[in-house]
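Some notes on the structure that comes next.
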Amino acid sequence: MRKLAGHFKDWYSRGTTTFEGPDALTTERYNSRDAEPRWQKYWSDNHCFEAVEDTSRPKYYVLEMFPYPSGRIHMGHVRNYAMGDVIARFKRACGFNVLHPMGWDAFGMPAENAAIERGVHPKTWTYENIAAMRGQLKSMGLSLDWSREIATCDPSYYRHEQAMFIDFMNAGLVERKVSLVNWDPVDQTVLANEQVIDGKGWRSGAIVEKRELAQWFLKITDYSEDLLKALDRLEKWPEKVRLMQRNWIGRSEGMRFSFVLEDAGGRELPGKLTVYTTRHDTIFGASFCAISVDHELSTEYSAHDEKLAAFRREVSALGTSEETIERAEKKGHALGIYARHPFKPGVKLPVYTANFVLIGYGEGAIFGCPAHDQRDIEFARKYGLPVIPVVAPQGVDAAAFEVGDEAYLDKDGSDARLINSDFLNGMSVADAKEEIATRMEAMGIGERKVNFRLRDWGVSRQRYWGCPVPVIHCPSCKIVTVPKSQLPVTLPEDVTFDKPGNPLAHHPTWKNVKCPQCGGDATRETDTFDTFIDSSWYYARFCSPKADVPVDAEAARYWMPVDQYIGGVEHAILHLLYSRFFARAMGKTDHMHWDEPFASLFTQGMVVHETFKTPSGDWVFPADAVQTDGQWFHAKTNEPLTIGGIEKMSKSKRNVVDPESIIAGYGADTARWFMLSDSPPERDIEWTEAGAEGAWRFTQRLWRIVNDASACGRDGSIAEFGPVAMELRRVAHRTLAAVTDDLSSLRFNRAIARVHELSNALGAALAAGSPAPDLSFVIREAADILVLVFAPMMPHLAEECWVKLGHRQPVVETPWPTPISALITDDEVTIAVQVNGKRRDEIKLPKGLAKDQVEIAVMKLEGIKRALEGKSVMKFIVVPDRIVNIVSGG
RNA sequence: GCGGGCGUGGCGUAAUGGUAGCCGCAACGGACUUAAAAUCCGUUGGGAGAAAUCCCGUGAGGGUUCGAGUCCCUCCGCCCGCACCA
């Protein structure tokens, strides 16, 4: 029987045994439980990682996305922080003045959920979690500057957020407007999208309603163009993230224009219907108009149309999530009014309220051209509306061209031409757009308009555990900001969660205040900020975490921008976009002058794990899964288990592995090593017990190799190295060069493969026994290199090894070595020789040999002669020092 | 639905458009041991062959190229984001 987690107890009981071989060479096992706390204390006592501004040295700011204090760290954190730590330690060794801070994204809903479910105060819950997680992170041996630790729920942090919000208000970056929220009518509370499940509130089960609420917005759309354009400059960001942000901002060039409306009898109605489109070229294919259920016309008509009102209720029960809205079947309800086609006299388009038209985009109204839009055609087929193709590939017969259930979308650069479109016939899409725009502008019914998909950032949350909005509502003075001298507006602590809704809204002494302007009775704003605000500037606060302004200018000038930012792809859009905006807003209000906070971004993959299920479908913790004869069983109930998919570690699927027990058992170095090995960092990594054990065995192997090497002499007077010694030297220096390169480009998995290679070469040299003085010297040199190159990944083991090798300074104070260039270059290269693209032989040649010389040598090869037998050489391709390809025929 | 990504041996993976499979895991064989563990050495994509060697092979199909895992198109599968989760 093999038990998954927990069996490292075995090794620990073995951990103190010594090996007493006949040759009296005794090596104690490396004991991480002893070494790791010891070195952590050393680093801490000597303030090794506390950053101090020093303009005489180049700085390097490495930051991992700070964690939400959920209570325990998970493997995703281990992976994230291990990566950041490798970079921090590597850059440090390379001579940079490194800033590597840590903090807590400490406001948010889970704290309130804990309060509701278990009666713990959110503050107590949060700070206890922080304490627990701080301890766990410290046990990882991260080179963090803990003296700069911040928590966003601390008034010393959020007071600056409040001050900046007031400055943003004064700078015109804040707006108060009405927007839609998910309302739970039973719990009397606003729900997050994730709390709406199948249109129902997660706790109450009540049908969710959409409700209009006055909310605070930050005007991120003021920067739409700039946020888009500046993406081009972010060359060290992954292209996919830049693309996602581009699409999110969604700049489009189109037209806004108005239809004249008429009733069923053909009588013109007052008011016009304004739509936005990017496909004005398809106007002759229009067969209906559709407006959002939240459009003012929908509201107006539903007053005396009960069916329409019912339809709107149905749609609003879907909630506010764009995903659910767009996934829903396309449905609509005819208003009974019509839009007059601007170019087709007498043609009228029925106006529908439709569930797929979004109020937040464009005008909340569209014209539908089913032939060339997938959503429109689904709608048209459902309601029997005409489908008129108006764009077709060039040369296609207009009369015969038909569109089925799939819209015809002309691709960029296609040669599509307009058909069935009167004066547009024969034009390209671009020309047709131009023509329509010109005509509509001349007719005075519309204008060209650049539109963005990006919406303003709604920052109001009707919740307790967040930063209070520093505003007071006064019946006479209206909205008054809290004077800066009275900041911070702190959260009251005497709150309970037994009543539905926001505790701030029914806290009389906190809520009721005097107006700072007129002194009359007034009330505090009871909304708190979106926690994305907290995380939109924490990177800047780390520069001067104790300053009495949000950001100390001098410190920011030195440390900003973040040179390397690391976190999950799930933040590719919102957090990163909000941070980019916030930096600009802070620039406008003179708090910081650095528009792009993250010079280089790396998005790491998730940690995934096998899942286990019982016959009744319950998820089982991997720790409870036991394998006997290839079949898995539950350790306690003995039920047979089936292996589910390999999925992101999550509590609900119970496929979590607790880092604390892994670190306690195998040690932090092993956990770090495994998280960095095998998978490339941007890809998902699967946690496997076998892999962790492999990593653990490798730490022991390194320890053994270093111990054996430390017994070798280090005679510095070697005049000449023999071939065996030279070969090991080459391997060592090549490894050093390769690891330097791999770490610089964050390819940790490759660096680890190279460390394995060097340890294999060293192991082989040591296994041969009694090395001659030249080899002995090289073994010591190679061992030093080995330790220094794995040090960023396994810092505790490295320190321990370094002492063993007789060094007096710790690794942490030892500079990164430089490879000897003569040892990493070769004067001979092995070249593959292909015939018609297939490898037939290979040849060793001096580097840089001329093409005709290569040809002569290659034609003598047996394999080539054989392959070319009876054939003529048509072409001879030589890629210098890489490959030869002979094209033959006949 | 829209947007983005990924897909290579039994498994995790490596490979500036240039010898597909470095390195690791697992498995198997061997050494050491009374034995086991640990450790060390070796083998390991599929097929044919005594061997030399040959054929096939990077999710499927097509294309560009002297040459494609890599670039382009279509399809399939899986994953991430979608504005109040963080």
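Sequence lines set the chain letters: A, B, ... in the order given, protein chains first and strands last, and positions in each chain run from 1.
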Look at [X] and [N] and indicate whether a side-chain polar atom (N or O) is within less than 4.0 Å of OP1 or OP2.
| X | N | result |
| --- | --- | --- |
| Arg461(A) | rC84(B) | yes |
| Asn193(A) | rA83(B) | yes |
| Ser321(A) | rC82(B) | no |

Point to revise | Any donor-acceptor N/O pair, Ser679(A) side chain to Asp684(A) backbone, under 3.5 Å | key: yes
Is it the case that the side chains of [Y] and [X] hold a donor-acceptor pair, with the cut-off being a distance below 3.5 Å and no angle test?
| X | Y | result |
| --- | --- | --- |
| Thr221(A) | Asp456(A) | yes |
| Ser460(A) | Asp527(A) | yes |
| Asn182(A) | Thr320(A) | yes |

Spacing of the [atom1] atoms in [M] and [N] (rounded, Å):
| N | M | atom1 | result |
| --- | --- | --- | --- |
| rG21(B) | rU16(B) | P | 13 Å |
| rC41(B) | rU34(B) | C1' | 23 Å |
| rC25(B) | rG9(B) | C1' | 13 Å |
| rC66(B) | rG12(B) | C1' | 35 Å |
| rG62(B) | rU70(B) | P | 14 Å |
| rG18(B) | rA68(B) | C1' | 10 Å |
| rC28(B) | rG10(B) | C1' | 13 Å |
| rC2(B) | rC55(B) | C1' | 46 Å |

Rounded off to whole Å, could you give me the [atom1]-to-[atom2] distance for the [X] and [N] pair?
| X | N | atom1 | atom2 | result |
| --- | --- | --- | --- | --- |
| Met244(A) | rA83(B) | CE | P | 15 Å |
| Leu577(A) | rA86(B) | CG | C1' | 17 Å |
| Asp741(A) | rA14(B) | CG | C1' | 15 Å |

Practice item. For residues Gln245(A) and Ile573(A), report the shortest heavy-atom separation together with the two atoms involved. Key: NE2-O, 3.6 Å
Restricting both atoms to N or O, compile the protein contacts to nucleotides 22-32 of chain B shorter than 3.5 Å, with distance only.
residue : atom : partner   : partner atom : Å
rC22(B) : O2'  : Glu757(A) : OE2          : 2.7
rC22(B) : O2   : Arg754(A) : NH2          : 2.8
rG24(B) : OP1  : Asn760(A) : ND2          : 3.0
rA26(B) : OP1  : Arg697(A) : NH2          : 3.4
rA26(B) : OP2  : Arg697(A) : NH2          : 3.3

In plain terms, say whether [X] and [Y] are close enough for a salt bridge, that is, a side-chain N and a carboxylate O under 4.0 Å apart.
| X | Y | value |
| --- | --- | --- |
| Arg453(A) | Glu322(A) | yes |
| Lys210(A) | Asp294(A) | yes |
| Arg242(A) | Glu239(A) | yes |
| Asp741(A) | Arg747(A) | yes |
| Glu329(A) | Lys382(A) | yes |

Practice item. Give the stems involving RNA chain B, where a stem is 3 or more consecutive Watson-Crick or G-U wobble pairs (i with j, i+1 with j-1, and so on) under 3.5 Å. Key: B:1-7 with B:76-82, B:10-12 with B:23-25, B:27-31 with B:39-43, B:45-48 with B:53-56, B:59-63 with B:71-75
Candidates [options] - which lies nearest the side chain of [X]:
| X | options | result |
| --- | --- | --- |
| Ala192(A) | rG18(B), rC85(B), rA83(B) | rC85(B) |
| Glu326(A) | rC82(B), rC2(B), rG4(B) | rC2(B) |
| Arg327(A) | rA86(B), rG1(B), rU19(B) | rG1(B) |

Just checking [X]: base, sugar-phosphate only, or nothing, at a heavy-atom cut-off of under 4.0 Å?
| X | value |
| --- | --- |
| Ser679(A) | sugar-phosphate |
| Glu682(A) | nothing |
| Val569(A) | nothing |
| Arg701(A) | sugar-phosphate |
| Trp457(A) | nothing |
| Asp684(A) | sugar-phosphate |
| Gln462(A) | base |
| Val181(A) | base |
| Pro67(A) | nothing |
| His575(A) | nothing |
| Asn885(A) | base |
| Phe356(A) | nothing |

Check your understanding: Would rG9(B) be called syn or anti, given that syn covers angles within 90° of 0?
Key -> syn
Study note, to complete from the structure: Sorted by position of nearest nucleotide on RNA chain B, 5' first, the leading residue of Ile831(A) and Thr320(A) is Ile831(A)
Review point. Hey, which of these two, Lys330(A) or Arg750(A), hits RNA chain B nearer its 5' end, going by closest nucleotide?
Key: Lys330(A)
Study note, to complete from the structure: For Trp673(A), the ring-ring contact (aromatic ring centres under 6.0 Å, His included) test, sequence neighbours excluded, returns Phe698(A)
Check your understanding: Which residues satisfy the ring-ring contact (aromatic ring centres under 6.0 Å, His included) test with Phe452(A), sequence neighbours excluded?
Key -> none
Study note, to complete from the structure: Expected string for nucleotides 45-56 of chain B under the B/S/- scheme (protein heavy atoms, under 4.0 Å, primed atoms plus P, OP1, OP2 as sugar-phosphate) is --------SSSS
Review point. Between Phe674(A) and Trp687(A), is the ring centre distance below 6.0 Å?
Key: yes
Angle class for the [X]/[Y] ring planes (parallel below 30°, perpendicular above 60°, tilted otherwise)?
| X | Y | answer |
| --- | --- | --- |
| Trp457(A) | Phe581(A) | perpendicular |
| His77(A) | His74(A) | parallel |
| Phe107(A) | Trp465(A) | perpendicular |

Review point. Looking at Phe379(A), does the NZ or CZ of Lys330(A) lie under 6.0 angstrom from its six-membered ring centre and within 45 degrees of the ring axis?
Key: no
Pairs under 3.5 angstrom, nitrogen or oxygen only, protein versus nucleotides 5-11 of chain B, please.
none

Review point. Hey, does the side-chain of Arg375(A) have a donor or acceptor N/O within less than 3.5 Å of a partner on the base of rC2(B)?
Key: no
**Study point:** Distance-only donor-acceptor test (3.5 Å): side chain Glu323(A), base rC82(B)
**Key:** yes
